Amino acid sequence: MTETHSDLIIVGAGILGLAHAWAAARRGLRVTVFERSHTPLGASVRNFGQALVSGQAPGPMLELAREARQLWVALAQAAGLSLRQEGSLLFARTEAEEALLVAFCAGRGQALGYRSELLRGAALTELYGGRFAHHRAALHGLDDQQLYSREALPQIVDYLATQLDVRFHFSTLVRDVTPGHVLTTRGRFDAAQVVVCSGHDYQTLLAGPLAALEPQVCQLQMLRARLRQPLELRHAVLTGLSCVHYGAYADLPEAEAIREQIRREQPELERWGVHLLISPTPHGELIIGDSHAYGSDASPFNAEAVDQVLIDLAQHTLGGELEVLERWQGVYGCRGPGPFSITRAAPGVTAVLMHTGLGMSVGPALGERVIAELFG
Ligand SMILES: Cc1cc2nc3c(=O)[nH]c(=O)nc-3n(C[C@H](O)[C@H](O)[C@H](O)COP(=O)(O)OP(=O)(O)OC[C@H]3O[C@@H](n4cnc5c(N)ncnc54)[C@H](O)[C@@H]3O)c2cc1C
């Protein structure tokens, strides 16, 4: 292999690009990754780092998330990532949310083997010394894991480069992709296969085939904060609001009562697409979000009212006062033909995109599947 020739070229060093690079490098293939920024700065470092199995819709997403769970464990071990494995806690704050969790556990949860347990009564009041006793119930998602993405992604890059000999070209834009070649701001490179994992950029590369997917983007408001009353949170936290968003719950008949209550009592939550997620960082802080605004482009303007609603919800859920340390905007690709797409754009050219905000949960398994198909 020469400096400019590889078995596989990957465009994009987000979680999808890195997952494909890892899957290929494990097979002994020569891999080169191009990333236009100097380090990953896309959705994959702006997120909660929650690798969720419990909220996934039955079908391909649940299967992928289950496969990804094992892959995250292996990658965390190999690359020295800090991976939380205590699971998630989804708090029911209302009667309607509790009713849905009860129905889920007795029905779909059992039938499809979602590994979770419903905490109520003493089990709930004993949690974190009674800190969450003001909620009605908690669904403990046993298979859910969590990373601190802004540290994990650079660690994965370092592991792939130093241990598996993956070549990275950062600050390098790929301008064009044709069978067997990519044209970059550092010249032309060749490979038997090219996989484009360009996130929510639908215009720089393969604009025609990607336009056919009719994808959109989703803009989310996010915060990093510290609790004034210390709490050594070890679980990822969600609330019953997630039950009207996540595919494991959203189509259950009990979800309608939650929707009706939101519309009656806090319609802005639906208008702004707010559902509360909280991830503890390894440094005693919390990542808090999020809202969802959909469109062809992401508005650059964050609404303070949305942040305020997120802070209020988080303070109520955690039973403590928050000090905000940082605010940012996340953008991910959404509303394509399904939760993800694999597009054979030309011979030897494949685009792999997420169309829902669950790429951290399924990314490693998606990379593994695509590389297995391309190289066996
Ligand atoms: C705020 C937020 C919270 C989220 N929380 C979660 C969560 O907790 N759990 C979960 O499962 N999912 C979560 N998601 C979704 C998840 O982060 C995404 O699905 C996933 O990161 C998508 O990965 P990606 O590699 O496709 O995209 P990205 O991470 O955006 O990476 C794409 C990369 O491609 C590069 N690129 C694009 N075009 C070119 C080009 N022509 N040349 C060179 N480089 C190029 C970009 O610079 C970018 O680095 C969240 C998303 C957001 C925004």
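Note that ligands are numbered from 1 as they come in the structure, with each ligand's atoms numbered from 1 the same way. This is a predicted model, so every value here is computed, not measured.
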Chemist: Can you pull out the closest protein heavy atom to atom 34 (O) of ligand 1? Residue, atom name and distance to 0.1 Å, please.
Modeler: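 Here the closest protein heavy atom is Gly12 CA, 3.3 Å.
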Chemist: Measure the acute angle between the ring planes of Tyr246 and His275, then classify it against the limits of 30° and 60° as parallel, tilted or perpendicular.
Modeler: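 Ring orientation, 0 to 90° scale: perpendicular.
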Chemist: Please report whether ligand 1 has a polar contact with Leu205, defined as an N or O pair separated by less than 3.5 Å (distance criterion only).
Modeler: no
Chemist: Considering only protein heavy atoms, which is closest to atom 32 (C) of ligand 1, and at what distance to one decimal place?
Modeler: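 Answer, as residue, atom name and distance: Cys197 O, 3.5 Å.
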Chemist: If hydrogens are left out, which of Val174, Val331, Thr39, Leu238 has an atom nearest to atom 42 (N) of ligand 1, that is, the closest non-hydrogen atom?
Modeler: Val174
Chemist: Considering only NZ, NE, NH1 and NH2 on the basic side and carboxylate oxygens on the acidic side, decide whether Glu268 and Arg271 come within less than 4.0 Å.
Modeler: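 Looking at Arg271 together with Glu268, the answer is no, because their closest N to O distance does not fall below 4.0 Å.
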Chemist: Please confirm whether Gly359 comes within less than 3.5 Å of ligand 1 when only nitrogen or oxygen atoms on both sides are compared.
Modeler: yes
Chemist: Are any of the N/O atoms on Asn47, whether in the backbone or the side chain, positioned under 3.5 angstrom from an N/O atom of ligand 1?
Modeler: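 Such a contact does occur with ligand 1.
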Chemist: Answer yes or no for Arg27 and Phe375: cation-pi contact, defined as NZ/CZ to six-membered ring centre under 6.0 Å and angle to ring axis within 45°.
Modeler: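 Judged by the rule (NZ or CZ under 6.0 Å from the ring centre, within 45° of its axis), Arg27 is not positioned above Phe375.
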Chemist: Is atom CD of Glu304 surrounded by more than 12 heavy atoms (other residues, nucleotides or ligands) closer than 6.0 Å?
Modeler: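 Yes, because the 6.0 Å sphere around CD of Glu304 holds more than 12 heavy atoms from other groups.
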Chemist: Distance under 4.0 Å to a non-hydrogen atom of Thr204: what atoms of ligand 1 satisfy this?
Modeler: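 Those atoms are 41 (N).
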Chemist: Whether the side chain of Thr356 engages the backbone of Leu358 through a donor-acceptor N/O pair (distance < 3.5 Å, no angle test) should be reported.
Modeler: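 No.
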Chemist: Any nitrogen or oxygen of Ser361, main chain or side chain, under 3.5 Å from a nitrogen or oxygen of ligand 1?
Modeler: yes
Chemist: Out of all atoms in ligand 1, which are within 4.0 Å of some heavy atom of Gly49? Include the element for each.
Modeler: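 Within the 4.0 Å cut-off of Gly49, ligand 1 contributes 8 (O).
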Chemist: With heavy atoms only and a cut-off of under 4.0 Å, state how Thr172 meets ligand 1: side chain, backbone, both or neither.
Modeler: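 It is the backbone that touches ligand 1; the side chain stays farther off.
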Chemist: Polar-atom distance check: Leu16 versus ligand 1, any N or O pair below 3.5 Å?
Modeler: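 For ligand 1, there is an N or O atom that lies under 3.5 Å from one belonging to Leu16.
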Chemist: With a 4.5 Å limit on heavy-atom distance, are the side chains of Leu269 and Leu313 in contact?
Modeler: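 The answer is yes; the side chains approach within 4.5 Å.
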Chemist: Of Met360, Gln221, Met354, which has the heavy atom at the shortest distance from atom 10 (C) of ligand 1?
Modeler: Met360
Chemist: Going by the angle between their ring planes, with limits at 30° and 60°, are Tyr128 and Phe132 parallel, tilted or perpendicular?
Modeler: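 Rings of Tyr128 and Phe132: perpendicular, over 60°.
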Chemist: Measure the shortest side-chain to side-chain distance between Gln50 and Asp144 over non-hydrogen atoms and say whether it is less than 4.5 angstrom.
Modeler: no
Chemist: Is the ring pair His134/His316 parallel, tilted or perpendicular, if the boundaries are 30 and 60 degrees?
Modeler: perpendicular
Chemist: What's the shortest heavy-atom distance between Gln329 and Asn302, and which atoms?
Modeler: NE2-OD1, 2.8 Å
Chemist: Mind checking whether Val11 has an N or O less than 3.5 Å away from an N or O of ligand 1?
Modeler: no
Chemist: Report yes or no: does Tyr332 contribute a side-chain atom to a donor-acceptor pair with the main-chain N or O of Gly199 at less than 3.5 Å?
Modeler: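 Flag not set: sc Tyr332 to bb Gly199 has no pair under 3.5 Å.
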Chemist: Considering only non-hydrogen protein atoms, determine which one is nearest to atom 29 (O) of ligand 1 and report residue, atom name and distance to 0.1 Å.
Modeler: Ser44 OG, 2.5 Å
Chemist: Hey, does Ile15 come in under 3.5 Å of ligand 1, counting only N/O atoms on both sides?
Modeler: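 For ligand 1, there is an N or O atom that lies under 3.5 Å from one belonging to Ile15.
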Chemist: Are His292 and Asp290 close enough that some pair of their side-chain heavy atoms sits under 4.5 Å apart?
Modeler: yes
Chemist: If I apply the N/O under 3.5 Å rule, does Ala43 come out as touching ligand 1?
Modeler: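 Right, the criterion is met.
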Chemist: Around atom 27 (O) of ligand 1, find the nearest protein heavy atom and jot down its residue, atom name and distance.
Modeler: Gly199 CA, 3.6 Å
Chemist: Mark yes or no: Arg26 above the aromatic ring of Trp22, with NZ or CZ under 6.0 Å from the six-membered ring centre and no more than 45 degrees from the axis.
Modeler: yes
Chemist: Under 3.5 Å, is there a donor-acceptor pair between the side chain of Thr281 and the main chain of His283?
Modeler: yes
Chemist: Which residue holds the protein heavy atom closest to atom 14 (N) of ligand 1, what is that atom called, and what is the gap in Å?
Modeler: Gly357 O, 3.4 Å
Chemist: Identify which of His292, His20, Arg36, Met222 has a heavy atom lying nearest to atom 1 (C) of ligand 1.
Modeler: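 Going through His292, His20, Arg36, Met222 one by one, Met222 has the nearest heavy atom to atom 1 (C) of ligand 1.
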Chemist: From the options His135, His235, His140, select the one residue that forms a ring pair (Phe, Tyr, Trp, His ring centres under 6.0 Å) with Phe91.
Modeler: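 For Phe91, the ring pair (Phe, Tyr, Trp, His ring centres under 6.0 Å) check succeeds only for His135.
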Chemist: For ligand 1, which atoms, with element, lie under 4.0 Å from some heavy atom of Gly14?
Modeler: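 Listed by number with element: 25 (O), 29 (O), 31 (O).
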Chemist: In terms of atom number and element, which parts of ligand 1 are under 4.0 angstrom from non-hydrogen atoms of Leu173?
Modeler: 40 (C), 41 (N), 42 (N)
Chemist: Does Tyr332 reach ligand 1 with a nitrogen or oxygen that is under 3.5 Å from one of the ligand's nitrogen or oxygen atoms?
Modeler: no
Chemist: For atom 7 (C) of ligand 1, what is the closest protein heavy atom, and at what distance to 0.1 Å?
Modeler: Gln50 O, 3.6 Å
Chemist: Which ligand 1 atoms, with their elements, are less than 4.0 angstrom from a heavy-atom of Leu220?
Modeler: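 In order of number, 53 (C).
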Chemist: Which of the numbered atoms in ligand 1 are below 4.0 angstrom from a heavy atom of Thr356?
Modeler: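 Checking each atom against Thr356, I get 19 (O).
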Chemist: Does Glu35 reach ligand 1 with a nitrogen or oxygen that is under 3.5 Å from one of the ligand's nitrogen or oxygen atoms?
Modeler: yes
